[in-house]
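One structure is given here, and the rest of the page talks about it.
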Amino acid sequence: MAEQINQKENFLKGIIKDNPVFVMLLGMCPTLGVTSSAFNGLGMGIATLFVLVMSNIVVSLIKSQIPSKVRIPAFIIIIASFVTIVEMVLEAYIPFLFEQLGIFIPLIVVNCLILGRAEAFASKNNTISSIIDGLGMGLGFTLALTILGATREILGNGSIFDFKFLSDNASTLILFILPPGAFIALAYLTVLFNKTTSSKTN
Amino acid sequence: MDYILILIAAVFVNNIVLSQFLGICPFLGVSNKVSTSIGMSGAVLFVMTLATLVTYLIHQFVLVPSGLEYLRTISFILVIASLVQMVEIILKKVSPPLYQALGVFLPLITTNCAVLGGAILALGLEGGSLLKAVFFAISNSIGFALALIVFASIREQLELANIPKAMQGVPINLLVAGLLSLAFLGFAGLV
């Protein structure tokens with residue numbers, strides 16, 4: 001039973017307490033770069049989730065084989081292999097998303113969230129815990145990106161997941177689709193997130 | 001003329017940090033003091049130029065001829081990681097003062113997506129040549145330096161400002177970055 005509770009906490013910490021975007025500020029480049037719509041945010045989140053879980057599994061399986069001196073390059077190669085898989089699968093099956101995410105797909109390699117979890121968690125824990133950690137963190141990341149993408153899409157385009165709820169000639173805050181909108185939207189979302197979580201704990 | 005356009009486009013119009021969102025981690029992480037941000041900019045200039053030079057050559061003469069373009073991501077990140085390590089070792093031996101100035105920033109650069117991103121973007125340049133790619137890398141580093149140093153100067157002023165509790169720390173920094181990005185948006189359409 002104790003193990004059960006532990007795993008539940010392990011899963012949930014990535015979503016709220018240690019949310020990679022709002023609390024730990026990891027993986028900021030894709031967070032800001034691809035979230036001009038909710039769909040792009042969701043796509044990027046899922047791609048990252050996949051790489052994170054797979055690299056956590058492999059790292060936790062072979063952690064005892066890797067000499068500690070070369071562990072970082074070894075982790076990077078493991079991560080890069082899965083990123084290449086994601087790149088090829090997206091290009092073949094979802095070319096639309098592949099084009100939208102563009103350079104940020106190969107850049108999943110240098111997403112500090114993934115390397116950070118490999119180093120801080122998967123290299124010290126067993127495979128099951130690592131999978132759950134990867135799922136929690138990945139879902140937290142996906143959730144944050146989707147919320148940010150949805151916020152920017154609603155404000156900037158008057159639509160959500162490409163479903164338009166304003167008439168075509170209604171004026172929207174185009175700023176939020178443009179690069180500055182990413183910073184500003186994330187700033188206010190972080191304030192909101194901090195407010196809600198701090199009032200909950202008090 | 002081409003080169004002037006590349007420079008203006010990379011520094012002002014498509015600024016690597018403020019409009020392409022590459023290298024946000026060091027942008028938010030080491031920008032609390034102007035002096036550290038200058039050190040970081042120097043290290044990025046150094047590594048980015050070298051990395052683009054090497055990755056461009058590898059792409060052109062190894063990956064393309066042997067049809068292995070899909071290995072681009074893996075090979076580039078490996079090259080950058082080992083390059084950073086090598087630069088660190090050489091600098092330590094050859095120029096201790098430069099090592100003192102850049103040393104702490106070097107390990108951070110491997111996971112700086114501006115370096116990998118810049119190297120990949122350089123491959124897609126119109127009418128690309130090695131010289132153009134390297135010049136593009138230098139322009140991007142200047143753009144990075146400009147954004148980082150301006151941002152650090154603003155943050156130094158912010159320390160004295162009275163900021164609402166909920167906005168302190170990360171949110172206010174993001175907001176400042178947003179306004180800075182808004183200012184750079186004014187350059188859009190320049191090239």
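Chain letters run A, B, ... following the sequence lines, proteins first and then strands; every chain starts at 1.
The 12-atom threshold is not exceeded at NZ of Lys33(B), counting heavy atoms of other residues, nucleotides or ligands nearer than 6.0 Å. Residue Phe98(A) places its CZ atom among more than 12 non-hydrogen atoms of other residues, nucleotides or ligands, all under 6.0 Å distant. Under a cut-off of 6.0 angstrom, the local environment of NZ in Lys124(A) is crowded, with over 12 non-hydrogen atoms contributed by other residues, nucleotides or ligands.
The greatest number of non-hydrogen atom pairs below 4.5 Å with chain A, out of Leu18(B), Val176(B), Leu22(B), Leu174(B), is found for Leu174(B).
Gly117(B) and Leu107(A) make their closest contact through N-CD2, 3.7 Å (heavy atoms, listed as atom of the first residue, atom of the second, distance). Contact between Phe21(B) and Cys29(A) at its shortest, heavy atoms only, is O-CB, 3.2 Å.
Interface remark: Leu178(A) contributes side-chain atoms only to the contact with chain B (heavy atom separation under 4.5 Å). For a residue to count as touching a neighbouring chain, one of its non-hydrogen atoms must lie under 4.5 Å from one of that chain's; by this rule Pro106(A) touches chain B with backbone and side chain alike. Heavy atoms of Glu91(A) lying under 4.5 Å from chain B are absent altogether. With a 4.5 Å cut-off on non-hydrogen atoms, Ile79(A) does not touch chain B at all. At a 4.5 Å heavy-atom cutoff, Gln168(B) makes no contact with chain A through either its backbone or its side chain. In this structure, no portion of Thr31(A) lies under 4.5 Å from any heavy atom of chain B.
The CE atom of Met167(B) sits 9.0 Å away from the OG1 atom of Thr190(A) when rounded to the nearest 0.5 Å. Rounded to the nearest 0.5 Å, atoms SG (Cys25(B)) and CG (Leu25(A)) are 8.5 Å apart. Taking CG of Leu186(A) as the start and CD1 of Ile24(B) as the end, the distance is 10.0 Å to the nearest 0.5 Å.
Two residues are said to be in side-chain contact when any heavy atoms from C-beta on lie closer than 4.5 Å; Leu175(B) and Tyr188(A) meet this criterion.
Proximity to chain A at a heavy-atom threshold of 4.5 Å picks out nothing from residues 147-163 of chain B. Among residues 177-186 of chain B, the residues having any heavy atom closer than 4.5 Å to a heavy atom of chain A are, in sequence order, Ala177(B), Gly178(B), Ser181(B), Leu182(B), Leu185(B). Taking 4.5 Å as the heavy-atom cut-off, none of the residues of residues 36-57 of chain B approach chain A. When the heavy atoms of residues 60-87 of chain B are compared with those of chain A, the residues falling under 4.5 Å are Tyr70(B), Arg72(B), Thr73(B), Ile74(B), Ile77(B), Leu78(B), listed by number.
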